[in-house]
Student: 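Once you've had a glance at the structure underneath, I'll fire off some questions.
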Amino acid sequence: MKTIQLNNGIEIPSPGLGTYRLGRNDEEVYRAVRHAIEIGYRHIDSAAFYDNEKPVGRAIRESKVPREDLFVTTKLWGSDIVGKRIEKAFEESMHRLDVGYIDLFLVHWPVNGMIVTTWREMERIYHSGRVKAIGVSNHLIHHLDMLLKEAEIIPAVNQVELHPYLVMQELQHYCQEKGIVIESWSPLGSSKIPLLADAVIGKIAMQKGKSTAQVILRWNLQKQLIPLPKSTDWQRQLENIAIFDFSLTSDEVAGIDRLDRHQRTGVHPDEITF
Ligand code: A2P
């Protein structure tokens with residue numbers, strides 16, 4: 001597993017395992033995370049909203065991998081921001097995960113009018129020593145501009161929907177310039193768009209003897225993006241981390257960049273309400 005250094009010196013493993021709608025029940029989540037850790041995943045991405053912190057935490061505790069070798073993310077949900085219960089929500093996530101500390105705590109979505117006050121609370125939680133790093137998710141440039149004007153701590157991470165049909169080039173440049181690492185959610189386009197059937201990526205995959213998914217995940221790595229693919233299928237979990245024995249040329253990376261259609265599978269960050 002590769003690691004990338006965050007802006008506060010913490011190392012974050014890449015890829016991570018996405019867990020949104022991973023499995024139909026707690027047992028499936030537990031089994032998927034347990035298996036992922038067994039085969040080499042060291043970074044698990046969870047969230048209060050996913051309602052899976054308990055089985056994720058249990059899989060981490062019961063794995064044979066020392067806690068300090070694993071990287072655990074969870075996220076603060078918008079209604080906890082609106083309801084002014086950020087500290088309480090954080091404590092509840094800590095309790096459900098029960099893994100001692102959290103590596104990365106993210107603001108799940110920007111809440112209009114509350115971006116700066118939320119970030120102050122995040123900074124306070126960071127200073128309390130219960131998380132190794134703080135960041136945001138689904139924040140666009142105008143959200144980050146607002147936050148950075150008042151921030152004492154620069155977010156370590158911005159986790160956004162990102163894949164070859166939604167490349168977010170400007171946001172990538174912006175975050176790179178500010179020292180914010182981007183994580184890609186739904187890096188394979190979820191099941192909502194036929195990204196895995198793309199002919200351009202398929203051709204590269206065939207030439208390399210790799211799958212389309214592997215080429216997309218490798219494209220993430222070479223762009224210093226941290227992909228968070230999810231799968232309950234053990235074979236696919238393995239496939240999604242077997243991406244260190246080949247590379248893409250700069251022309252191939254640029255060719256995949258050009259597939260951008262600004263196509264979202266999820267909600268636009270300016271349109272979410274709580
Ligand atoms: P499954 O759990 O059945 O493997 P996302 O882009 O949001 O991470 O979603 C990826 C979706 O594609 C998941 O629903 C997952 O379903 C499936 N998937 C994950 N890895 C692969 C892969 N290597 N090849 C094909 N489909 C995949």
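Just follow the structure's listing: the first ligand is 1, and inside any ligand the first atom is 1. Model, not experiment: these values are computed from the prediction.
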Student: Quiz question for you: does at least one protein heavy atom lie closer than 4.0 Å to atom 14 (O) of ligand 1?
Tutor: no
Student: For ligand 1, is there an N or O atom under 3.5 Å from any N or O atom of Leu188?
Tutor: yes
Student: Does Arg67 make a cation-pi contact with Tyr101 (under 6.0 Å, within 45 degrees of the axis)?
Tutor: yes
Student: Charged N to carboxylate O below 4.0 Å: is that the case for Glu92 and Arg85?
Tutor: yes
Student: Is it the case that Arg261 places NZ or CZ above or below the six-membered ring of Tyr165, under 6.0 angstrom from the centre and within 45 degrees of the axis?
Tutor: yes
Student: Charged N to carboxylate O under 4.0 angstrom, Asp45 versus Lys230?
Tutor: no
Student: Hydrophobic cluster membership, with links at side-chain heavy-atom distances under 4.5 Å among I/L/V/M/F/W/Y: are Ile60 and Tyr30 in one?
Tutor: no
Student: Just distances here: any N/O of Ser190 and N/O of ligand 1 closer than 3.5 Å?
Tutor: yes
Student: In the protein, which heavy atom is nearest to atom 2 (O) of ligand 1, and how far is it?
Tutor: Thr232 N, 3.1 Å
Student: Given that the side chain starts at C-beta and the backbone is N, CA, C, O, which of these parts of Thr212 lies under 4.0 Å from ligand 1, counting heavy atoms, or is it both or neither?
Tutor: neither
Student: Can you check whether His108 and Tyr50 have ring centres sitting under 6.0 Å from each other?
Tutor: yes
Student: In terms of atom number and element, which parts of ligand 1 are under 4.0 angstrom from non-hydrogen atoms of Ala213?
Tutor: 22 (C), 23 (N)
Student: Mind checking whether Trp185 and Trp109 have parallel, tilted or perpendicular rings, split at 30° and 60°?
Tutor: perpendicular
Student: Report the part of Lys230 (side chain from C-beta onward, or backbone N, CA, C, O) that has a heavy atom under 4.0 Å from ligand 1; answer both or neither where that applies.
Tutor: both
Student: Against heavy atoms of Leu196, which atoms of ligand 1 measure under 4.0 Å?
Tutor: 25 (C), 26 (N)
Student: What is the nearest protein non-hydrogen atom to atom 4 (O) of ligand 1, stated with its residue, atom name and distance?
Tutor: Ser231 OG, 2.5 Å
Student: If you have a sec, work out which protein heavy atom is nearest atom 27 (C) of ligand 1 and how many Å separate them, to one decimal?
Tutor: Arg236 CD, 3.5 Å
Student: Apply ring pair (Phe, Tyr, Trp, His ring centres under 6.0 Å) to residues His139 and Tyr174 and explain how you reach the verdict.
Tutor: CA-CA 12 Å; His139 280 49; Tyr174 179 98; over 10 Å; no
Student: Decide whether the shortest distance between a heavy atom of Pro229 and an atom of ligand 1 is less than 4.0 Å.
Tutor: yes
Student: For atom 23 (N) of ligand 1, what is the closest protein heavy atom, and at what distance to 0.1 Å?
Tutor: Asn240 OD1, 2.8 Å
Student: Going by the side chain to side chain contact (heavy atoms under 4.5 Å, CB included) test, name the single residue among Leu106, Val107, Ile182 that passes it with Gln159.
Tutor: Leu106
Student: Can you tell whether the side chains of Asp98 and Arg61 come within less than 4.0 Å, N to carboxylate O?
Tutor: yes
Student: So for Gly18, does at least one of its heavy atoms come nearer than 4.0 angstrom to any atom of ligand 1?
Tutor: no
Student: Classify the contact between Leu22 and ligand 1 as side chain, backbone, both or neither, using a heavy-atom distance cut-off of under 4.0 Å.
Tutor: neither
Student: So is Ser211 touching ligand 1 or not, going by heavy atoms under 4.0 Å?
Tutor: no
